Amino acid sequence: MRYSDAFIYTLREDPADAELISHKLMTRAGMIMKVASGIYNYLPLGLRVIRKIEDIIREEMTREGVAELLMPGTIPAELWKESGRWDYYGDELLRLKDRKQNEFCLGPTHEEVVVDVARRSVKSYKQLPTSLYQFQSKFRDERRPRFGLMRGREFIMKDAYSFHASEECLNDMYWRMHAAYTRVFNRMGLTFRPVEADSGAIGGDVTHEFHVLADSGEDKIIYCPSCDYAANVEKAKAKRSTEFTAIPSNAPALAEVETVGIMSIEDVSAFLKVESTQCIKMVVMKIDDNKFVGCLIRGDLELNEVKLRNFFRSNTIETPSDVELRDNKFACGYMGPINLEGKISLVADYSIMDITSGVIGANRENWHITGCVPARDLADMTYGDFATAGAGDKCPTCGETMADCRGIEVGQVFKLGTKYSAAMSMTYLDQNGKTATPTMGCYGIGVTRTAASAIEQNHDDNGIIWPREIAPFQVHIMALDPKDESVIGLAKEFHDKFESLKLDCLLDDRDERPGVKFKDADLIGCPLQVIIGGKSLKNGEIEVKLRRAGEKRMVAVDGAFDSILEILNSIA
RNA sequence: CGGAGAGUAGCGCAGCCUGGUAGCGCGUCUGGUUUGGGACCAGAAUGUCGCGGGUUCAAAUCCUGCCUCUCCGACCA
């Protein structure tokens, strides 16, 4: 492709509305163009990257016997009403009506449609397992779209769905997809990690998210450097004792102590001269139907709201306001499990089980209680894991000290179970001729987000540095003197040779000054640059630059193409 | 959805406080000189100043309603 045909228009300055490096660079390199908040044009250069990513995924899906189809972006409400999500999904679902006032939505995900496809075709256990996938633009009306392609409202996703006659079969597919995803992200040259994640409202025992590691990531990942354990902070566990320690013989008695204006753990620990690890805080949250729930947890730890929400099988969880708490008879800043007046379901985190002389709130303003021994005083509580794990905690698998990092969620594998197949009455006949409901898995990769995350991970001050497998072009040839027949002639010859080897090649044939071409080439970020100029050509040389290393090499014109090819193949 | 900010030429911005000819840089066009890391000189084109209402002799500027966009937070099967 010639640059003059390629519809690439770079920007010298950062766009005003971009924050994230990938957003800035994609806009500046002429890959994307904003149309509305969270909605973008994928310009020719950007689309090339997206297609490269899709092709890699496509190959790996095919390898696992997943068949590609394309479902519509616009979905009749009927299907969503059948699954029950029409009423449940909320404002993220963009709803619209056609001229006959029939209701539709723009698909944020396609479980309903794929079940409809499968149930009309699959009637027998002999047809199972079966799986389908597509690349499709999804629409989710995010409350706050941001970060360019990272969190858009319209985005391209690969979504796959599998149907099985047994749990074992689903489990097998789950791990095959897990392996396929690992191959996909490896091939793209990304540094990533599969992590255990919370399965959310759908439930299910296992789900993994695939995260590209980057400081700008919106998720926090806790991982163990010495074993495979890695989890989203929402899910992460730490190794903690789940037994009470013995009640010490000299255990102190409970005693009220006046603590005027001392409310935070920090203040309590300083005022009473106790470690925060000997304080027990009670965190109160509000779940579905405005019910209050509370959790007792060690003073230095943080409550994990997702874990608490899951325990109570609630769809929502939120922090009540101080006013709300007081209205419901909770002594703000002095809450504790003893003498509790407010109506609440209370649980306790394992972390308090080995406290031998704890400080707790007294449930009246300006008073705390000392000498709390959970093994004695809180023995009949329901104990569980409700704490947020973090760097420094021990690994639940191997006991080593864990670390944390930021990640961008680019993929997820999920065991759906029969939620949709049952709701939408998908059935087949099993070996015994009995009606059965297939169990399902679903597996997504955010294609456009993956492109953005690749840039987050691969850039420098001059621009993008594409991993070779997803670069828009493998080679970027610059004809520095395009009017010089020997220069442009050689550039074209090389270009055609690369293309004939199925190596995408961009030929900068513009009548621009060299500096402009160099800047654009670095910004666009193709892995290998071939610089052909009149002067060096007269010396029988061509310059080759490796984008990532920044290294320049001169190669002799004689046999130059083979030399360049060799250099290209040495790039990862 | 709560809090904050922005909307002026294709892009990035100034002007607004204190009302009176709409500006700068980049880009674009013409001519010339240049030509290995975003050239230089000369000339030119380009604006419903987000939209509506109001105040005023006069509004980009003051008042007001709305829209859009961005940031922080909450949210994210």
Side-chain angles (χ1 to χ4, degrees), chain A residues 9-20 23-24 27-28 30 33-39 80 83-85 88-93 107-112 138 140-148 150-153 155 157 159 161 197-204 207 209 218-219 232 234 286 305-306 309 315-319 321 409 412 414-417 419-420 423 440 442-444 446 449 461-463 478-484 487 508 510-523 529 531-539 541-543 545 550 552 554:
Chain A
Y9 298 104
T10 60
L11 264 35
R12 190 185 290 234
E13 287 172 282
D14 282 337
D17 59 8
E19 194 72 12
L20 222 56
H23 186 190
K24 289 179 182 172
T27 306
R28 280 190 54 207
M33 183 187 274
K34 188 169 75 182
V35 181
S37 179
I39 300 176
W80 277 65
S83 71
R85 275 160 119 192
Y88 176 77
Y89 210 88
D91 289 337
E92 263 188 39
L93 188 65
T109 171
H110 280 74
E111 281 83 3
E112 283 81 359
K138 307 293 186 191
R140 295 182 192 176
D141 200 356
E142 291 269 350
R143 279 180 181 170
R144 183 146 101 84
R146 54 185 132 172
F147 304 142
M150 207 61 93
R151 181 171 284 276
R153 289 193 292 174
F155 55 95
M157 185 165 145
D159 46 327
Y161 307 88
D198 175 56
S199 51
I202 288 181
T207 176
E209 293 169 347
E218 293 189 84
D219 289 292
N232 192 309
E234 291 181 349
K286 206 170 71 177
E305 295 178 13
V306 175
R309 188 194 65 193
N315 287 316
T316 63
I317 187 160
E318 54 184 307
T319 313
S321 68
E409 185 194 340
Q412 183 166 21
F414 203 97
K415 294 185 194 176
L416 269 181
K419 181 182 165 86
Y420 294 95
M440 293 175 62
C442 69
Y443 320 88
R449 182 182 276 188
D461 290 345
N462 295 317
M478 278 161 269
L480 293 191
D481 308 281
K483 286 173 186 158
D484 181 335
V487 169
D508 194 342
R510 294 175 300 168
D511 186 16
E512 287 285 357
R513 298 171 62 85
V516 173
K517 296 186 180 183
F518 294 144
K519 285 287 182 189
D520 279 339
D522 284 351
L523 177 59
Q529 299 173 8
I531 302 156
I532 305 177
K535 284 181 188 167
S536 51
L537 209 54
K538 284 197 178 72
N539 299 329
E541 286 182 318
I542 287 170
E543 184 175 324
K545 178 178 164 184
K552 292 180 176 178
M554 303 304 292

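Naming convention: chains lettered A, B, ... in sequence-line order (proteins, then strands); numbering from 1 in each chain. Predicted model only: the values in this text are computed from it and were never measured.
Put simply, OH on Y9(A) is 18 Å from C1' on G38(B), counting in whole angstrom units. Going from atom CZ of R309(A) over to atom C1' of C75(B) covers 11 Å, rounded to whole Å. Put simply, CG on D91(A) is 16 Å from P on C75(B), counting in whole angstrom units. Counting to the nearest Å, the P atom of U70(B) and the NZ atom of K24(A) are 15 Å from each other. Distance D141(A) CG to U68(B) P: 11 Å, rounded to the nearest Å. In this structure, L11(A) atom CG and G38(B) atom C1' are separated by 13 Å, rounded to whole Å. A straight line from CD of E19(A) to C1' of U70(B) spans 9 Å, rounded to a whole angstrom. Protein atom CD of E318(A) is 11 Å distant from nucleotide atom P of C76(B), rounded to whole Å.
For A60(B), there is no paired nucleotide, since no Watson-Crick or G-U wobble pair has both relevant distances below 3.5 Å. When both distances must be under 3.5 Å, the Watson-Crick or G-U wobble mate of U21(B) does not exist. The base-pairing partner of C75(B), taking Watson-Crick or G-U wobble contacts with both distances under 3.5 Å, does not exist among the strands shown. U68(B): Watson-Crick or G-U partner is A6(B), with both key distances under 3.5 Å. Base pairing analysis places C29(B) opposite G43(B); the two distances defining the Watson-Crick or G-U wobble pair are each below 3.5 Å.
Separating the C1' atom of U55(B) from that of U46(B) is a span of 33 Å, rounded to the nearest Å. Rounded to a whole angstrom, the distance from the P atom of G5(B) to that of C76(B) is 28 Å. A distance of about 12 Å separates the P atoms of G7(B) and U61(B), rounded to the whole Å. Taking atom C1' in both C66(B) and C57(B), one finds a spacing of 29 Å when rounded to whole Å. For the P atoms, the distance from G50(B) to C17(B) is 15 Å, rounded to whole Å. Of the C1' atoms belonging to G19(B) and G37(B), the separation is 48 Å, rounded to the nearest Å. Between C69(B) and G36(B), the distance separating the two C1' atoms is 41 Å to the nearest Å. On the P atoms, G54(B) is 23 Å away from U68(B), given to the nearest whole Å.
Evaluation of the salt bridge (charged side-chain N to carboxylate O under 4.0 Å, His left out) rule for D511(A) yields K483(A) as partners, not counting sequence neighbours.
Between D481(A) and K535(A) no salt bridge is recorded (no basic side-chain N to carboxylate O distance below 4.0 Å). Salt bridge D91(A)/R143(A): absent, no basic N to carboxylate O contact under 4.0 Å.
Closest contact between the side chain of A16(A) and the listed nucleotides C76(B), C71(B), G12(B) involves G12(B). For V516(A), taking side-chain heavy atoms from C-beta onward, the closest of the listed nucleotides C69(B), C75(B), A39(B) is A39(B). Ranking G38(B), G73(B), G37(B) by closeness to the D522(A) side chain, first place goes to G37(B).
For R151(A) against C76(B), a side-chain-to-base donor-acceptor contact under 3.5 Å is present.
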Stepwise salt bridge (charged side-chain N to carboxylate O under 4.0 Å, His left out) check, E19(A) with K24(A): CA-CA 7 Å; E19(A) 194 72 12; K24(A) 289 179 182 172; over 6 Å; no

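When each of K545(A) and H23(A) is assigned the nucleotide of RNA chain B with its nearest heavy atom, K545(A) is the one assigned upstream, toward the 5' end. Comparing P15(A) and K34(A) by the nucleotide of RNA chain B whose heavy atom lies nearest to each, the residue mapping closer to the 5' end is P15(A).
A donor-acceptor contact closer than 3.5 angstrom is absent between the side chains of S536(A) and E543(A).
The shortest distance between the side-chain N/O atoms of R144(A) and the OP1/OP2 oxygens of C69(B) is not below 4.0 Å.
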Polar pairs (N or O, both sides) under 3.5 Å between protein and nucleotides 26-36 of chain B?
from   : atom 1 : to      : atom 2 : distance (Å)
G27(B) : OP1    : R12(A)  : NH2    : 3.3
U34(B) : O2     : R513(A) : NH1    : 2.6
G36(B) : OP2    : K535(A) : NZ     : 3.0
G36(B) : O6     : S536(A) : OG     : 2.5
G36(B) : N1     : E543(A) : OE1    : 3.4
G36(B) : N2     : E543(A) : OE1    : 2.0
G36(B) : N2     : E543(A) : OE2    : 3.1

